[in-house]
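Only one structure is covered here, and it is reproduced in the block below.
Residue numbers start at 1 and run along the sequence shown.
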Amino acid sequence: MLGAGTAGLAALGTLGASVALSGCSGGRERELEQRRADERDARLRGAAARDSAALLRRYDATAGAHPALAGRLAPLRADVALHLTAFGAAGGTDGASASRSPDAAATGPGSGASGDATVPEGAREALAELAAAERSIARARVGALADARPELARLLASVAAAGEVHAYLLGERSAGGS
């Protein structure tokens, strides 16, 4: 009987050790999962900030190439600058363009001084390209929602909606000429 009791104690000891180890590994798994989620969100935020910075340069180039549009573009550009800040890119290389004046990026139609794209010579075409850029970035942000945690997903969705509104307004302005 002594053997059965010893075997039972050994089994309980093994069971206790496995429970203790699985509890520890569960904590490590949660930490690893948290770290992966943090890294994924950081990548998504970084991509969103880079997209906003590129869009901001495009607004600057368009306003510089077509000074008559600068007043119309100013509120939309201001929104994009706020989006850049919301994604955590205040200051640094991405944020540097946020403080530039609209004419700092381009010297004339088609100059391409922004480094991102050449601005069309026609104001209507320039607005259409800006609208297309807004729409493209908005759709990319919607596509990233599934990979983001709730807080970042809400921010991406909000900024994507703003981008779609900007695209609509840019399209209306280019079609209506107002």
Side-chain angles (χ1 to χ4, degrees), residues 39-178:
E39 290 169 358
R40 188 175 49 248
D41 273 8
R43 281 192 307 274
L44 291 172
R45 272 185 186 278
R50 285 187 298 279
D51 287 345
S52 290
L55 191 55
L56 196 58
R57 288 189 300 271
R58 190 179 283 265
Y59 269 95
D60 289 344
T62 302
H66 299 282
L69 297 177
R72 292 181 186 170
L73 297 178
L76 304 179
R77 183 201 181 280
D79 285 349
V80 173
L82 289 173
H83 300 159
L84 182 62
T85 301
F87 288 121
T93 57
D94 286 342
S97 61
S99 63
R100 269 195 298 190
S101 68
D103 11 71
T107 56
S111 70
S114 73
D116 289 343
T118 301
V119 177
E121 289 191 33
R124 223 174 232 207
E125 293 81 11
L127 289 174
E129 283 197 12
L130 200 49
E134 282 273 18
R135 198 166 274 119
S136 174
I137 291 171
R139 289 181 180 151
R141 288 177 174 156
V142 168
L145 291 176
D147 294 329
R149 287 187 287 187
E151 181 182 352
L152 180 57
R154 285 188 293 272
L155 178 59
L156 287 167
S158 175
V159 174
E164 287 290 348
V165 169
H166 288 181
Y168 173 79
L169 292 172
L170 290 164
E172 285 294 299
R173 289 180 174 162
S174 67
S178 59

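Counting heavy atoms from C-beta outward, Phe87 and Val159 have side chains that approach closer than 4.5 Å.
Closest approach of Ala48 and Leu156 over heavy atoms only: CB-CD2, 4.1 Å. In terms of heavy atoms, Ala157 sits closest to Leu145 at N-CD2, 3.7 Å. Across every non-hydrogen atom of Val119 and Ala65, the tightest pair is CG1-CB, 3.7 Å. Across all their heavy atoms, Leu44 and Ala144 have their closest contact at CD2-CB, 3.8 Å.
Distance check: Leu152 CG to Arg40 CZ gives 10.0 Å after rounding to the nearest 0.5 Å. Arg72 contributes atom CZ, which lies 12.0 Å from atom NE2 of His66 (distance to the nearest 0.5 angstrom). Thr62 OG1 to Leu76 CG: the interatomic distance, rounded to the nearest 0.5 Å, is 11.0 Å.
With sequence neighbours excluded, the residues forming a side-chain contact (heavy atoms from CB on, under 4.5 Å) with Ala131 are Ala167, Leu170, listed by chain and number. Qualifying side-chain contact (heavy atoms from CB on, under 4.5 Å) partners for Ala133, counting only residues two or more places apart in sequence or in other chains: Leu55, Arg58. Residues forming a side-chain hydrogen bond (donor to acceptor under 3.5 Å, both in side chains) with His166 (at least two apart in sequence, or on another chain): Asp79, Glu134. Arg135 meets the salt bridge (charged side-chain N to carboxylate O under 4.0 Å, His left out) test with Glu164; sequence neighbours excluded. Remark: Ala160 engages Ala138, Arg141, Val142 in a side-chain contact (heavy atoms from CB on, under 4.5 Å) (not counting sequence neighbours). Scanning for side-chain contact (heavy atoms from CB on, under 4.5 Å) contacts around Leu82 gives an empty result, with sequence neighbours left out. Under the salt bridge (charged side-chain N to carboxylate O under 4.0 Å, His left out) criterion, Asp41 pairs with Arg149, sequence neighbours left out.
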